[in-house]
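Inspection log for the structure reproduced underneath, given as structure tokens.
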2 protein chains.
Amino acid sequence: MNKWEENVRKVVPYVPGEQPKDTNVIKLNTNENPYPPAPEVREILDSFDESRMRLYPAPNADVLVDSIAEHYGVDSSQIFVGVGSDDVLSIAFLTLFNSDKPILFPDITYSFYDVWADVYGIPYKTVPLRSDFTINADDYKCENGGVVIANPNAPTGVFADVLVIEDIIRANPDSVVIVDEAYIDFGGETCLPLIDKYENLLVVRTYSKSRSMAGMRIGYAMGSRKLIGYMNDVKFSINSYTMNTVTQLCGAASMKNDSYFRESVNKIIATRERSKKRLAELGFKMTDSMTNFIFASPQKKSAEYVFNELKKRRIFVRYWNKPIICDYLRITVGTDAEMDTLFTALEEILNG
Amino acid sequence: MNKWEENVRKVVPYVPGEQPKDTNVIKLNTNENPYPPAPEVREILDSFDESRMRLYPAPNADVLVDSIAEHYGVDSSQIFVGVGSDDVLSIAFLTLFNSDKPILFPDITYSFYDVWADVYGIPYKTVPLRSDFTINADDYKCENGGVVIANPNAPTGVFADVLVIEDIIRANPDSVVIVDEAYIDFGGETCLPLIDKYENLLVVRTYSKSRSMAGMRIGYAMGSRKLIGYMNDVKFSINSYTMNTVTQLCGAASMKNDSYFRESVNKIIATRERSKKRLAELGFKMTDSMTNFIFASPQKKSAEYVFNELKKRRIFVRYWNKPIICDYLRITVGTDAEMDTLFTALEEILNG
């Protein structure tokens with residue numbers, strides 16, 4: 001190793017779900033939405049004057065921020081936007097978890113939390129879920145430098161009642177509690193109303209799942225004006241202009257069409273419930289997912305075997321060779337037709 | 001202050017140049033390009049299938065990376081892309097300046113360097129420029145945790161010969177040297193060929209100036225495969241998908257039209273040289289800028305007075321009320337027509 005390399009921050013990077021280049025596959029591995037974004041987004045691309053690209057974007061992304069504020073009935077000063085919820089969460093970690101005490105999050109949860117903690121040098125302690133993958137609020141009632149809860153949780157799909165979440169927040173007035181609601185639109189109940197009651201609560205959302213815009217990278221957070229102010233100070237110290245002009249406009253257009261949004265979400269919920277029944281018939285054990293994916297364990301063959309057999313048939317789902325969850329597959333809810341193809345393949349794999 | 005706020009990282013954020021909402025102004029304050037991007041960018045917006053937005057973008061942005069690699073004749077593994085060069089530089093600082101020794105950069109330079117150092121807790125020492133704003137390579141031949149040089153420098157516009165840059169790199173085999181070439185396309189000579197000679201050299205570029213795409217947020221860096229690999233590891237530990245699909249395609253389209261690029265850059269150079277003469281006639285003292293801005297000091301009235309008088313006339317330039325540079329204005333090179341309006345206003349202000 002050269003001497004200059006001693007000064008380099010070395011990390012083990014997060015490995016995202018496979019993005020097959022081949023488009024002739026059924027892609028149920030990264031929780032993408034099977035439906036296109038709101039039609040107004042197409043209108044933005046058509047009407048956008050490309051000569052505006054020469055100018056820097058609005059640094060505060062006000063058109064987008066205002067559309068989110070209006071949608072949720074909160075003040076614009078309570079909204080932080082970023083390049084996907086990963087950007088939002090990363091800045092939240094960097095800004096709000098700046099103590100020597102460990103932050104707490106479940107042992108089974110979004111696999112980026114420990115990665116951010118590592119890259120920013122934040123001490124952390126993972127808290128085991130119960131054996132049914134539910135959260136025990138009492139486990140979060142000890143000294144800590146912050147708490148992060150994904151609700152519904154990933155990859156389990158399990159939703160914790162808002163009373164459980166509030167119990168955790170109430171017990172932690174001295175640290176920031178982040179609730180990552182990436183999947184909340186698919187059936188859970190949001191804890192958003194609590195941001196007016198608890199100044200130290202941050203609720204994080206994304207356009208990547210329910211709004212069909214993973215490819216555009218938009219995430220946002222809602223919290224007290226004070227919390228959002230601190231995050232913006234750090235954000236403006238890293239990159240004043242993160243969200244490009246086209247994306248800001250597309251994001252605002254999506255937020256304004258609520259009926260399209262609800263329709264698309266409801267279709268996914270209907271397909272999910274139908275799929276749960278079908279998977280149960282195929283002998284899968286599963287959680288009662290409130291997300292756009294199903295966390296399901298095949299009982300007749302190993303999860304790894306089923307994962308590989310599906311891949312051979314060009315059907316991609318997600319599998320982790322890790323303790324506790326190695327018996328499960330995470331299957332994104334696609335269209336009805338995609339799910340039917342999946343079920344046919346599963347029948348063949350499990351009964352063949 | 002609440003107890004949870006004690007855990008918050010508190011920074012003084014960078015204040016970007018004013019972005020007036022009023023479009024009826026002459027905006028010469030943030031070094032934007034007066035000409036639109038390559039026409040192929042329009043074609044991308046028209047032909048882009050918006051249903052692709054539901055899918056995550058290619059995490060390695062390969063279409064864009066490959067177009068840059070091809071343009072410069074380097075390998076794709078030597079290219080890092082980010083959301084503007086601010087994103088690229090921020091990740092470079094976080095990754096490559098992870099020691100207890102201070103990093104070095106000029107006292108007068110891009111005002112974000114000390115902001116990143118502060119936010120990431122990197123010790124730094126600023127090195128005074130000579131009185132003519134040139135760099136003395138010998139000042140960088142002491143123990144350090146890294147070196148950052150903007151070449152041409154901002155806001156001075158002064159270009160340092162590649163021999164001076166190589167002198168600094170040669171003296172620093174044990175730390176990483178970043179050369180920020182945001183403005184190199186407007187007349188300077190790049191040190192890019194040196195990346196094959198020095199594994200610890202990182203050259204940073206942007207689409208925001210010469211490629212008329214500040215609004216789309218694209219920056220990139222070129223260096224050894226090893227250096228780029230370390231940066232990608234950190235990048236993938238913060239946000240796997242930073243650059244959205246539309247932006248990746250627009251960036252590649254721009255990179256492929258070299259004749260449009262050269263034409264647009266040459267127009268700006270011609271206007272700059274004409275403007276230098278005109279400003280000299282108006283009694284300005286100035287550096288020999290090799291950028292798309294002119295760093296000029298009015299001799300008859302104070303810079304602050306001229307700045308405010310221009311603003312009253314809806315002409316925005318940049319002024320810093322800071323030691324050493326408080327006698328100067330930084331004037332972005334606009335169209336010939338915009339510059340003529342500026343000169344008429346300056347005549348009025350200086351001779352009125």
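Order of the sequence lines sets the chain letters (A, B, ...), proteins ahead of strands, with each chain counted from 1. The figures that follow rest on heavy atoms only: side chains count, while hydrogens, waters and symmetry mates do not.
Your options are A:Ser99, A:Pro59, A:Pro36, A:Ser90, and the one with the most heavy-atom pairs under 4.5 Å with chain B is A:Ser99. For the set B:Met231, B:Arg52, B:Lys10, the entry with the most heavy-atom pairs within less than 4.5 Å of chain A is B:Lys10. Heavy-atom pairs under 4.5 Å with chain B peak, among A:Leu96, A:Val83, A:Ile238, A:Thr242, at A:Ile238. Between chain B and the options A:Glu199, A:Lys101, A:Lys235, heavy-atom pairs under 4.5 Å are most frequent for A:Glu199. Ranking B:Gln248, B:Lys3, B:Glu32 against chain A, the residue ahead of the rest is B:Glu32, based on heavy-atom pairs under 4.5 Å. Most heavy-atom pairs under 4.5 Å with chain A: of the set B:Ile44, B:Leu227, B:Asp49, B:Asp100, this distinction falls to B:Leu227. Here B:Asp174 is the residue among B:Asp86, B:Val234, B:Thr245, B:Asp174 with the most heavy-atom pairs under 4.5 Å with chain A. Of all the listed residues (B:Val115, B:Val8, B:Asn172, B:Val12), the one sharing the greatest number of non-hydrogen pairs under 4.5 Å with chain A is B:Val8. Contact count against chain B (heavy-atom pairs under 4.5 Å) is highest for A:Asn200 among A:Asn232, A:Asn200, A:Val119. Counting heavy-atom pairs closer than 4.5 Å to chain A, the top-ranked of the candidates B:Asp233, B:Asn2, B:Asp87 is B:Asp233.
Shown here for B:Gly334 and B:Pro34, the closest heavy-atom pair between the two residues is C-CG, 3.7 Å. Summarising the geometry of A:Phe112 relative to B:Phe236, their closest heavy-atom pair is CZ-O, 3.3 Å, with the distance given to 0.1 Å.
Of the two parts of B:Leu89, neither the backbone nor the side chain holds a non-hydrogen atom closer than 4.5 Å to a non-hydrogen atom of chain A. Proximity to chain B (any heavy atom under 4.5 Å) is restricted, for A:Asp62, to the side chain, taken from C-beta onward. Using a 4.5 Å cut-off between heavy atoms, A:Ser212 touches chain B through backbone and side chain atoms alike. Contact annotation for B:Ser237: both backbone and side-chain heavy atoms come within less than 4.5 Å of a heavy atom of chain A. Of the two parts of A:Leu94, the backbone and the side chain both hold a non-hydrogen atom closer than 4.5 Å to a non-hydrogen atom of chain B. Residue B:Phe93: no heavy atom, backbone or side chain, is found under 4.5 Å from chain A.
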For this session: Verify side-chain hydrogen bond (donor to acceptor under 3.5 Å, both in side chains) between B:Tyr260 and B:Ser254, making sure each step is shown before the conclusion.
Result: CA-CA 9 Å; B:Tyr260 179 89; B:Ser254 161; over 6 Å; no

Exercise. Hey, mind stepping through B:Arg211 and B:Phe261 against side chain to side chain contact (heavy atoms under 4.5 Å, CB included) and telling me if it holds?
Worked result: CA-CA 7 Å; B:Arg211 293 199 175 269; B:Phe261 170 74; 3.7 Å; yes

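Here the two rings, on A:Tyr56 and A:Tyr241, have centers that are under 6.0 Å apart.
Counting heavy atoms from C-beta outward, A:Pro39 and A:Asn257 have side chains that approach closer than 4.5 Å.
Donor-acceptor pairing under 3.5 Å is lacking for the side chains of A:Asn33 and A:Asn292. No donor-acceptor contact under 3.5 angstrom links the side chains of A:Thr206 and A:Lys209, judged on distance only. Between the side chains of B:Thr247 and A:Asn244, at least one donor-acceptor pair of N or O atoms lies under 3.5 Å.
Judged purely by atom type and a 3.5 angstrom limit, B:Arg9 has no side-chain atom pairing as donor or acceptor with the backbone of A:Asn98.
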